[in-house]
Visitor: 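My questions will all concern the structure given below.
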Amino acid sequence: EVFRRDSQALKGGMDEIINLLNIGYPSIVIIMLSDAFYSPNPDGIVIAPVNEAPDPLRIHAILAVGYGSIFNKRFLLVRNSWGTSWGLAGYAWLPEAYISPRIMQLALLTEEVDVS
């Protein structure tokens, strides 16, 4: 069974995502992937080599659920749909330097739906 929710497409980047999280709205982030996304390190952090470019042929949606900073650099905590074997039980930290050049679209979920 497919569950759907009303949403609103948004443009923006890290600041917009953090603002939404601060007011209690997780957002769907559509990004272009690169190889580093597939293998977060043991701490659940996606670290991409400096020369690793986003691939416009690999588009993926993730859910931004939190944020924080490590060594004064901003990170998003995201939930992925690939199951608990990816990252830290399905979650990972994406540094702003990784996510900012890869963001294509944001979507705000605007409808409360309780799915058991």
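This chain uses plain numbering: 1 for the first residue, then up along the sequence. These numbers come from a predicted model, not from an experiment.
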Visitor: CG/Leu106 to CD/Gln8 distance, rounded to the nearest 0.5 angstrom?
Guide: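 Reported to 0.5 Å precision, the distance equals 10.5 Å.
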
Visitor: Begin with the C-alpha distance, continue with both residues' side-chain angles, and end with the deciding distance and a verdict on side-chain contact (heavy atoms from CB on, under 4.5 Å) for Ile17 and Ile103.
Guide: CA-CA 11 Å; Ile17 295 166; Ile103 293 176; 4.0 Å; yes

Visitor: Closer than 3.5 angstrom, by distance alone: can the side chain of Gln105 be matched with the main-chain N or O of Leu10 as a donor-acceptor pair?
Guide: yes

Visitor: Give every donor-acceptor pair under 3.5 Å between a side-chain atom in residues 55-65 and any protein atom, sequence neighbours left out.
Guide:
from	atom 1	to	atom 2	distance (Å)
Asp55	OD1	Leu57	N	2.9
Asp55	OD2	Arg58	NE	3.0
Arg58	NH1	Asp35	OD1	3.0
Arg58	NH2	Asp35	OD1	3.1
His60	NE2	Asn80	OD1	2.6

Visitor: To the nearest 0.5 Å, what is the distance between CD on Glu96 and CE on Met14?
Guide: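 The CE atom of Met14 is 4.5 Å from CD of Glu96, to the nearest 0.5 Å.
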
Visitor: Could you report the tightest heavy-atom contact between Ser27 and Leu20, atom names first, then the distance?
Guide: CB-CD1, 3.9 Å

Visitor: Begin with the C-alpha distance, continue with both residues' side-chain angles, and end with the deciding distance and a verdict on ring pair (Phe, Tyr, Trp, His ring centres under 6.0 Å) for Trp82 and Phe37.
Guide: CA-CA 12 Å; Trp82 295 347; Phe37 186 84; 5.4 Å; yes

Visitor: Go through the steps for Ile31 and Ile99 under the test side-chain contact (heavy atoms from CB on, under 4.5 Å), then give the verdict.
Guide: CA-CA 7 Å; Ile31 62 171; Ile99 200 162; 4.1 Å; yes

Visitor: Donor-acceptor pairs are to be reported for all side-chain atoms of residues 38-54 against protein atoms at under 3.5 Å, with residues two or more places apart or in another chain.
Guide:
from	atom 1	to	atom 2	distance (Å)
Asn41	OD1	Asp43	N	2.8
Asn41	OD1	Gly44	N	3.1
Asn41	OD1	Ile45	N	3.1
Glu52	OE1	Ala36	N	3.4
Glu52	OE2	Ser34	OG	2.6
Glu52	OE2	Ala36	N	3.1

Visitor: Count the heavy atoms belonging to other residues, nucleotides or ligands that lie under 6.0 Å from CZ of Arg74, then report whether that count exceeds 12.
Guide: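 Yes, CZ of Arg74 has more than 12 neighbouring heavy atoms, counting only those of other groups under 6.0 Å.
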
Visitor: Can you name the side chain to side chain donor-acceptor pair (under 3.5 Å) partners of Tyr67, sequence neighbours left out?
Guide: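 For Tyr67 the side chain to side chain donor-acceptor pair (under 3.5 Å) partners, ignoring immediate neighbours, are Asn22.
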
Visitor: Can you measure from CZ (Arg79) to CG (Leu88) and round to the nearest 0.5 angstrom?
Guide: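 These two atoms lie 14.0 Å from each other.
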
Visitor: Between Tyr91 and Trp86, what is the shortest heavy-atom contact and its length?
Guide: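 Residues Tyr91 and Trp86, closest heavy atoms: C-CZ3, 3.7 Å.
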
Visitor: State the CG-CG distance between Leu21 and Leu77, to the nearest 0.5 angstrom.
Guide: 9.0 Å

